[in-house]
Amino acid sequence: MAIYDEDPRPRVLITGASTDASELVKVVEQYSGVVHVVGAHEHAIRWESWDAVVSVGSSNRSEEHLFILQLGGAPIGRWDSGYPNSPAGRFREIRLWSSYGKELETNDELDASLRTLVKSDLLPLLRQRSDTRRVIHTPNFDLEGSYFIPLVSDLDGRADAAIYRPDQGPQEVIYLPDTVTDIRPWLLYAFERWAAVDPVTFPAGPDWADNPEWMTAEEADARATWVAACDAAEKARIEEERVERESLSALGELREKVDEAERVLLTGTAEELVQAVRSALIRIGFEVEDQDALGAREKLEDLRVHDGEWIALCEVKGYTGGGKVADLLKIGRFVERYMKETKGESPDARWYVVNQFRERDPSTRKQLLWGQDADVEGFAESDGLAIDTRSIFLLDKDVAGGVVTSDEARRLLRESTGRFAYGL
């Protein structure tokens, strides 16, 4: 049967455009066989005579044969709820939700050309928005052949832009936010994508001059150079992402290791904290005895710290609150016992090491024994030193980083009395 007056394909409708759609029409006409502008809710149309729709906002029609490029509005198509007898009906609208976060996430599984288009044309527009965004609540497409491919999403997995084939509705929808004003690159991408699926409806790429067969030799050489540059850039990107991923993984592993070692100085209490202090002092160059490991019947100081003939008795505490003046008296009893043990010899120093306010950010913690200056001065008169574990952490860090030598670090500790607030 002969058909007369059939328009050349692809035949494209523009719906929902403003009164003056001339600029949009000019762009679409460059890549289409015929273009016609209709209202968003136009009914006097034989939809079967059209192949694709550029929908500015929502449309009330979604025939199954159509390919749609949509700019904002309620997403076209429906999803299968699986409840045919539901009062709301079996097929439900795809809904938009409000997104309040500013973070954006791209889909790394997109092909290279689409990923480039998203990053160059879509991300900059979305990042400029300061208001609440309307995003697609990911539909539960369930029927065979349906799919949903997010292009850009918020961190809750809801898409600002997506490509999808709904359970009920058009062949495919490329959904973009209404902030997109330059439709040309997206129309080119859409027609090329749809030509791969339906070459009869979209008989050739919309820009056939890009086909190497119809290029001059000079153009072909230039194109080969460009393709090589794109391949090199893609390989470089993949390598950069690999390095970034491995570096982040290594940082995460190291952070876990430090959390269980050096950072216990800032978070720990009880025996865990004692061992963290002991390890830090050993790294600085002291010799340290763990008195609790001796298994004595009587409670002893936690550590004895040696630097040659020099010795300090060290008591270690970890508190969710501040350090306690009463602890200074306990250290005095440890000194008395030490003098009995050594037949009258006094230790060179007595150290009170405290991880106070240990559940807070170290940057916000108060001075050790804050408001207890008289008690600290009295403690200093008997060669006492109150040491915040933050200072041990920072001193240990600076020794490891070569900022100070271990000899200098030990000298600072040996010669200090009162409060030790290195780096605070």
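The shortest non-hydrogen separation linking S49 to R46 is OG-NH1, 2.8 Å. The shortest non-hydrogen separation linking P166 to I94 is CB-CD1, 4.4 Å. Nearest heavy atom pair, residue Y31 against residue P10, reads O-CG, 4.0 Å. Contact detail for I174 and A190: the closest heavy-atom pair is CD1-CB, 3.6 Å. Contact record, S59 with I76: CB-CD1, 3.9 Å, taken as the closest heavy-atom pair. Nearest heavy atom pair, residue V305 against residue C314, reads CG2-CB, 4.1 Å.
Judged purely by distance below 3.5 Å, without hydrogens or angles, the side chains of W351 and E315 never pair a donor atom with an acceptor atom. Donor-acceptor pairing under 3.5 Å is recorded for the side chains of S98 and R134. A side-chain N or O of Q275 and one of D290 form a donor-acceptor pair less than 3.5 Å apart. Y422 and D398 are linked by a side-chain donor-acceptor pair at a separation below 3.5 angstrom, with hydrogens and angles left out of the test. Checked by atom type, the side-chain pair Q168/R90 shows no donor-acceptor distance below 3.5 Å. Between the side chains of T201 and D51, no donor-acceptor pair of N or O atoms lies under 3.5 Å. One side chain, R365 or N355, offers a donor N or O that lies under 3.5 Å from an acceptor on the other. Judged by distance alone, the side chains of D407 and T405 never bring a donor and an acceptor atom under 3.5 Å apart. Donor-acceptor pairing under 3.5 Å is recorded for the side chains of E289 and H306.
The neighbour count for W310 CH2, taken as heavy atoms of other residues, nucleotides or ligands under 6.0 Å away, is above 12. Around the CZ atom of R95, the shell of radius 6.0 Å holds no more than 12 heavy atoms that belong to other residues, nucleotides or ligands. Counting heavy atoms of neighbouring residues, nucleotides and ligands inside a 6.0 Å radius, atom CD of E287 does not exceed 12 of them. Sparse packing is recorded around CD of E109, with 12 or fewer heavy atoms of other residues, nucleotides or ligands lying under 6.0 Å away. Annotation: E103, atom CD; neighbour count of heavy atoms from other residues, nucleotides and ligands within 6.0 Å is above 12. For E408, the CD atom is densely surrounded, since the number of other residues' heavy atoms within 6.0 Å is greater than 12.
A salt bridge links R193 with E172: the distance from a Lys NZ or Arg NE/NH1/NH2 to an Asp or Glu carboxylate oxygen falls below 4.0 Å. Ion pair R237/E240 not flagged as a salt bridge, since none of the NZ, NE, NH1 or NH2 atoms sits closer than 4.0 Å to an Asp/Glu carboxylate oxygen. Between D259 and R263 there is a salt bridge, since a side-chain N of the basic residue sits under 4.0 Å from a carboxylate O of the acidic one. Comment: K235 does not engage E239 in a salt bridge, judged by the lack of any side-chain N to carboxylate O separation of less than 4.0 angstrom. Between R414 and D307 there is a salt bridge, since a side-chain N of the basic residue sits under 4.0 Å from a carboxylate O of the acidic one. Taking a cutoff of 4.0 Å between a charged side-chain nitrogen and a carboxylate oxygen, K330 and D327 qualify as a salt bridge. Comment: R350 does not engage D383 in a salt bridge, judged by the lack of any side-chain N to carboxylate O separation of less than 4.0 angstrom. The pair R278-D302 does not meet the salt-bridge criterion, since no charged nitrogen lies less than 4.0 angstrom from a carboxylate oxygen. Checked for salt-bridge contact, R245 and E241 miss the test: no charged N lies under 4.0 Å from a carboxylate O. With respect to the salt-bridge test (charged N to carboxylate O, under 4.0 angstrom), the residues K257 and E253 do not qualify. The pair E29-K26 does not count as a salt bridge, with every side-chain nitrogen at least 4.0 angstrom from each carboxylate oxygen.
Within the 4.5 Å cutoff, no side-chain heavy atoms of V325 are placed close to those of F379. Contact annotation: the side chain of L123 approaches that of V152 to within less than 4.5 Å [non-hydrogen atoms, C-beta and beyond]. F286 is not listed as a side-chain neighbour of L303, based on a closest heavy-atom distance of 4.5 Å or more. A 4.5 Å side-chain heavy-atom check between V35 and I14 finds at least one atom pair inside the cut-off. Looking at N107 and L151, their side chains never come closer than 4.5 Å, going by heavy atoms from C-beta outward. Contact annotation: the side chain of D167 approaches that of F91 to within less than 4.5 Å [non-hydrogen atoms, C-beta and beyond]. Side-chain contact between Y175 and I136 is present, with at least one heavy-atom pair separated by less than 4.5 Å. Counting heavy atoms from C-beta on, the side chains of I163 and V173 never come closer than 4.5 Å.
The aromatic rings of H36 and W50 lie parallel to each other, with less than 30° between the two planes, well short of the 60° mark. Using a 30° and 60° split on the angle between ring planes, F202 and F67 fall in the perpendicular class, above 60°. Below 30°, between 30° and 60°, or above 60°: for Y189 and W186 the angle between ring planes is above 60°, a perpendicular geometry.
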*Assess whether salt bridge (charged side-chain N to carboxylate O under 4.0 Å, His left out) is satisfied between R158 and D154, documenting all intermediate values.*
CA-CA 6 Å; R158 297 172 301 196; D154 64 12; 3.2 Å; yes

*Could you check S146 against L143 for side-chain contact (heavy atoms from CB on, under 4.5 Å), going step by step and ending with a plain yes or no?*
CA-CA 6 Å; S146 300; L143 298 186; 4.0 Å; yes

_Go through it in stages, so that I can follow the logic: the residues are R223 and E219, the test is salt bridge (charged side-chain N to carboxylate O under 4.0 Å, His left out), and I'd like the CA-CA distance, side-chain angles, deciding distance and then a yes or no._
CA-CA 6 Å; R223 183 181 185 280; E219 283 181 306; over 6 Å; no

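Distance CD/Q171 to CG/L66: 9.0 Å, rounded to 0.5 Å. For the atom pair OG (S279) and CG (D396), the distance works out to 9.5 Å, reported to the nearest 0.5 Å. Once rounded to the nearest 0.5 Å, the distance linking NZ of K102 with CG of L155 reads 11.5 Å. To the nearest 0.5 Å, atom CZ of residue F141 and atom OH of residue Y164 are 6.5 Å apart. In this structure, CG in L424 is found 15.5 Å from NZ in K366, a value given to the nearest 0.5 Å.
The main-chain N or O of D221 is found under 3.5 Å from a side-chain atom of T225 such that the two form a donor-acceptor pair. A distance-only check finds no donor-acceptor pair linking the side chain of E301 to the backbone of Q291 [under 3.5 Å]. Checking side-chain atoms of R410 against main-chain N and O of I284 turns up a donor-acceptor pair under 3.5 Å.
Considering D373, D388, D375 in turn, D373 is the only one that fulfils the salt bridge (Lys or Arg N to Asp or Glu O under 4.0 Å) rule with R419.
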